[in-house]
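Labels below follow one simple rule: chain letters A, B, ... track the order of the sequence lines, proteins then strands, and each chain is numbered from 1. Excluded from the calculations below are hydrogen atoms, water molecules and symmetry mates; all remaining heavy atoms, backbone and side chain alike, are included.
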Amino acid sequence: MAAIRTTALTKRFPGGFRTPSVTAVDALDLVVKEGEVYGFLGPNGAGKSTTIDMLLDYARPTSGSAEVLGYDTVTDADAISERVGILPEGYGLYDRLTGRRNLEFAIEWQDAADDPATLLDRVGLDAADADRPVADYSKGMTQRLALAMALVDDPELLILDEPSSGLDPNGIRLLREIVREESDRGTTVFFSSHILGQVEAVCDRVGILADGELVAVDTVEGLREAAGAKSTLELTVDDPAAVAIGDHDGVADVSVRGNRVRITCTDSRAKATIVAALVDQGHDIVDVGAESASLEELFAVYTNGDHDPAAAEVPA
Amino acid sequence: MTVTEIARKDFEDAVRSRMLWGIMAVFVGFMAFVIVIALNTADAAEATSGRAMSLIAQLAQLFVPLIALIAGYLAIVGERRAGSLRILLGYPHSRRDVVLGKLLGRSAVIAVTLSVGSLLTAGLVAATIAVPDPVNAAGVLGSIVLFGVAFAGVAVGISAAVRTRGKAMALAIGLLLIFLVIWDALAALTYQAVTGALPGLKVEAWYFLFLRISPIAAFRALADGFVTGPISDFFVWGLEQIPRDTSPEQLTVANRVRGPLPFYLTEWFAAATLLMWGVVPAIIGYTRFRDSDL
């Protein structure tokens with residue numbers, strides 16, 4: 001059984017008087033395996049939150065279906081909320097009540113036996129802050145409290161929508177630790193973000209969503225390789241004809257134009273060794289230019305691909 | 001039982017809202033002011049506690065719906081906009097539990113607020129005029145609470161049905177104006193359309209049924225039995241063709257309807273109408289809420 005499985009999941013928002021209808025999620029087939037940490041990446045407006053809203057039955061699919069822990073999201077929503085810890089986007093807590101009271105309500109609602117103090121400690125909220133009304137909280141403190149509420153009753157699946165928003169670097173580090181701890185306990189974590197750097201460190205697999213469609217699914221390693229694969233090195237040398245590096249490790253292609261040599265590498269680490277090898281061979285290197293697709297660039301390419309055909313290829 | 005959990009949390013949250021207690025203070029203050037003024041200018045002989053209770057009931061026609069709508073129109077749509085509904089529904093609560101819990105919670109808040117307000121007002125009457133008859137005082141208090149619960153249901157129904165605070169407010173104000181101002185005219189004009197004449201002193205019984213569908217008229221019908229003298233409408237169009245010299249005795253419903261009073265013009269039926277207002281709008285609101293995106 002997959003922790004999350006969507007089948008041709010589609011959400012279309014009907015257009016208004018003058019606005020066209022918008023397809024926020026388009027025939028999405030998503031599979032999150034049990035026990036993995038899955039990074040759900042995409043720029044703002046890609047449809048991440050709409051997808052999560054449908055997983056939690058906050059929004060109903062226009063067509064297609066979704067299952068969470070084997071339960072249908074529309075017909076068995078209650079069974080899902082019993083087993084899933086949720087940090088939704090655009091949530092609000094009860095401002096007039098203290099942080100502790102909010103957490104106590106969450107524990108009561110979940111019929112759990114958690115100790116509020118332990119949970120507060122895990123998310124780094126001290127007792128004095130917990131006794132203040134949530135209205136006085138900063139965004140980061142609110143986010144920590146909401147995370148504590150999501151952890152109530154040791155959920156089988158954690159769904160975190162943009163969990164790092166509002167967190168300071170310490171908070172982000174804490175969040176990563178919590179995700180790792182939960183993952184070690186066997187909890188599946190589904191984690192959405194528009195910032196690649198934040199999923200890179202903790203996720204086993206990453207799915208990239210653009211315009212409501214899944215454009216890539218891979219391990220972080222796989223994505224890194226895809227990014228490294230097409231990095232290029234451009235050298236300006238005095239005697240291009242004498243450059244002989246065709247059999248160098250990690251070189252896919254060499255082309256010469258004027259006094260410039262263009263080398264396509266499958267491994268970005270090859271660039272430095274190529275330069276070193278050429279210097280050893282006695283070449284006079286006038287200029288070195290390198291372009292490598294970082295994960296960010298790769299992400300940008302995947303997610304902008306439809307809008308900018310020129311960038312549809314990985315930067316070469 | 002998640003319904004009672006939601007109701008309890010809602011009650012706790014609403015009780016902390018200063019606005020609600022502020023409105024109640026205004027309610028009691030205004031009641032006290034009007035009662036003291038009205039009874040001091042009236043003939044001392046007429047200033048009885050029964051008349052005072054009648055005045056309370058008359059003012060309640062405006063204040064009770066106002067308090068109930070203000071206290072309830074944001075019950076669900078407010079949480080929807082603030083995002084706390086996303087937290088609430090993230091726990092094993094169904095949308096039905098949310099509407100039902102909110103209905104119970106807000107009804108309890110209104111019942112408590114109005115009971116305290118009415119008791120304070122009755123205390124004022126006792127201090128300034130005379131101790132009111134306990135049975136009648138309890139009857140007026142009960143009518144006011146039931147009236148408040150009816151409008152709490154309307155408010156929660158509206159709150160569940162719409163997606164924005166603005167729409168909720170517009171609907172609440174619109175409904176209040178309809179029942180406060182337009183309903184009587186609508187009944188009279190419908191009567192004219194059906195019978196060919198505006199209602200006179202003697203009318204068909206269904207005319208009163210039509211009038212009493214309005215929760216405000218139902219409240220009037222219910223509270224009428226516990227006060228001295230009639231509770232007049234808040235806004236009178238004058239569409240009823242009543243001769244000038246008609247005595248108050250002739251104006252009672254029992255005397256204006258031909259034959260025996262049908263069951264649907266009894267006080268019990270008026271009470272049932274109020275209960276219906278407390279429940280049906282919430283059910284309609286729920287059916288819309290159930291199928292909509294947050």
For chain A, which residues from residues 68-95 of chain B lie under 4.5 Å away (heavy-atom distances)? E79(B), A82(B), G83(B), S84(B), R86(B), I87(B), L88(B), L89(B), G90(B), Y91(B), P92(B), H93(B), S94(B), R95(B)
Pairs touching residues 103-122 of chain B that satisfy ring-ring contact (aromatic ring centres under 6.0 Å, His included), sequence neighbours left out: none
Report, in residue-number order, which members of residues 272-294 of chain B are under 4.5 Å from chain A by heavy-atom distance. R290(B), D291(B), S292(B), D293(B), L294(B)
Portion of D53(A) that has a non-hydrogen atom of chain B nearer than 4.5 angstrom: side chain
Are there over 12 heavy-atom neighbours, none belonging to R5(A), within less than 6.0 Å of that residue's CZ? no
Please classify the contact between R101(A) and chain B as side chain, backbone, both or neither, with a heavy-atom cut-off of under 4.5 Å. side chain
Give the interface residues of residues 102-115 of chain A toward chain B, defined by a heavy-atom separation under 4.5 Å. F105(A), A106(A), E108(A), W109(A), Q110(A)
Let me know if M54(A) has heavy atoms under 4.5 Å from chain B in its side chain, its backbone, both or neither. neither
Portion of L56(A) that has a non-hydrogen atom of chain B nearer than 4.5 angstrom: neither
Please determine whether the number of non-hydrogen atoms from other residues, nucleotides or ligands lying under 6.0 Å from atom NZ of K167(B) exceeds 12. no
